[in-house]
Amino acid sequence: QVQLVQSGGGLVQPGDSLRLSCAASGDTSNHPGMSWFRQVLGKDRQFVAGVSWGGSYTSYADSVQGRFTVSRRDNARDTVDLQMNSLEGDDTAVYFCATGPRAMYYDRDSRAYDYWGQGTQVTVSS
């Protein structure tokens, strides 16, 4: 059984930075990668970014391209970070990490993912 534990998040002002982390336990050897989604109340989960487990390939939503960076940690290979810079009000959401054997790191469809983190609130407000 795969478990994903998230950390990070909180309340920041526009223009600030935050880092989210997701630590996986269990067997992820057959998972192509890990992705981040976000969800605003009343709306579907939206793909944010994804990274291959090898760390060589990444994918980003247009709305975060150039501001967010997703990476696999070198000294903790089962941990993926989402570095969020130049945060905007529209980035306010609950953020989830996700993985699964059927989900490529660039999959935008949340139904492709089998395992999800517990979610963490990110609020960007002045």
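Heavy atoms of other residues, nucleotides or ligands lying less than 6.0 angstrom from CG of Asp90 number 12 at most. Environment of CG in Asp109: crowded, with over 12 heavy atoms of neighbouring residues, nucleotides or ligands closer than 6.0 Å.
When atom types are taken as modelled, the side chain of Gln6 and the backbone of Cys97 share a donor-acceptor pair closer than 3.5 angstrom. Not a single donor-acceptor pair under 3.5 Å links the side chain of Gln83 to the backbone N or O of Arg19. Without hydrogens or angle criteria, Thr99 side chain to Gly33 main chain gives a donor-acceptor distance under 3.5 Å. In this structure a side-chain-to-backbone donor-acceptor pair under 3.5 Å is present from Ser52 to Tyr57. Checking side-chain atoms of Tyr113 against main-chain N and O of Pro101 turns up no donor-acceptor pair under 3.5 Å. The backbone N or O of Val124 lies less than 3.5 Å from a partner atom in the side chain of Thr92, making a donor-acceptor pair. Here the side chain of Arg45 pairs no donor or acceptor atom with the backbone of Val40 at under 3.5 angstrom. A donor-acceptor contact shorter than 3.5 Å is absent between the side chain of Gln121 and the backbone of Gly9. A donor-acceptor distance shorter than 3.5 angstrom exists from the side chain of Asp27 to the backbone of Ser29, with no hydrogens or angles considered. Side-chain atoms of Thr120 never come within 3.5 Å of backbone atoms of Tyr95 as a donor-acceptor pair (strictly under, hydrogens ignored).
Residues Phe47 and Phe37 bring their aromatic ring centres within 6.0 Å.
Taking CD from Gln118 and CD from Gln3, the interatomic distance works out to 10.5 Å, rounded to the nearest 0.5 Å.
Checked options Asp114, Asp78, Thr28; the residue passing with Val2 is Thr28 (criterion: side-chain contact (heavy atoms from CB on, under 4.5 Å)). Each of Asn85, Leu82, Leu20 was checked for a side-chain contact (heavy atoms from CB on, under 4.5 Å) with Phe68, and the lone residue meeting it is Leu82.
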Give the C-alpha distance, both sets of side-chain angles, the deciding distance and a yes or no for side-chain hydrogen bond (donor to acceptor under 3.5 Å, both in side chains) between Ser86 and Glu88. CA-CA 6 Å; Ser86 302; Glu88 305 168 352; over 6 Å; no
Between Trp36 and Val70, does a side-chain contact (heavy atoms from CB on, under 4.5 Å) hold up when you go through it step by step? CA-CA 9 Å; Trp36 288 91; Val70 62; 3.9 Å; yes
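A salt bridge links Arg38 to Asp91: at least one charged side-chain nitrogen sits closer than 4.0 Å to a carboxylate oxygen.
Looking at Gln13 and Ser125, their side chains never come closer than 4.5 Å, going by heavy atoms from C-beta outward. At least one side-chain heavy atom of Leu18 sits under 4.5 Å from a side-chain heavy atom of Leu87. No side-chain heavy atom of Gln46 sits under 4.5 Å from any side-chain heavy atom of Ser110. Looking at Leu4 and Phe96, their side chains never come closer than 4.5 Å, going by heavy atoms from C-beta outward.
Checked by atom type, the side-chain pair Ser63/Gln65 shows no donor-acceptor distance below 3.5 Å. Counted by atom type alone, Ser35 and Arg108 present zero donor-acceptor pairs between their side chains at under 3.5 Å. Using modelled atom types and a 3.5 Å distance limit, the side chains of Ser71 and Asp81 yield no donor-acceptor pair.
Of all the heavy atoms in Cys22 and Met34, the pair that sits closest is SG-SD, 3.5 Å. Gly100 and Pro32 make their closest contact through O-CD, 3.4 Å (heavy atoms, listed as atom of the first residue, atom of the second, distance). In plain terms, the two heavy atoms of Pro14 and Ser126 that are nearest each other are CD-N, 3.7 Å.
Both Val122 and Tyr60 belong to a common hydrophobic cluster when Ile, Leu, Val, Met, Phe, Trp and Tyr are linked at side-chain heavy-atom distances under 4.5 angstrom.
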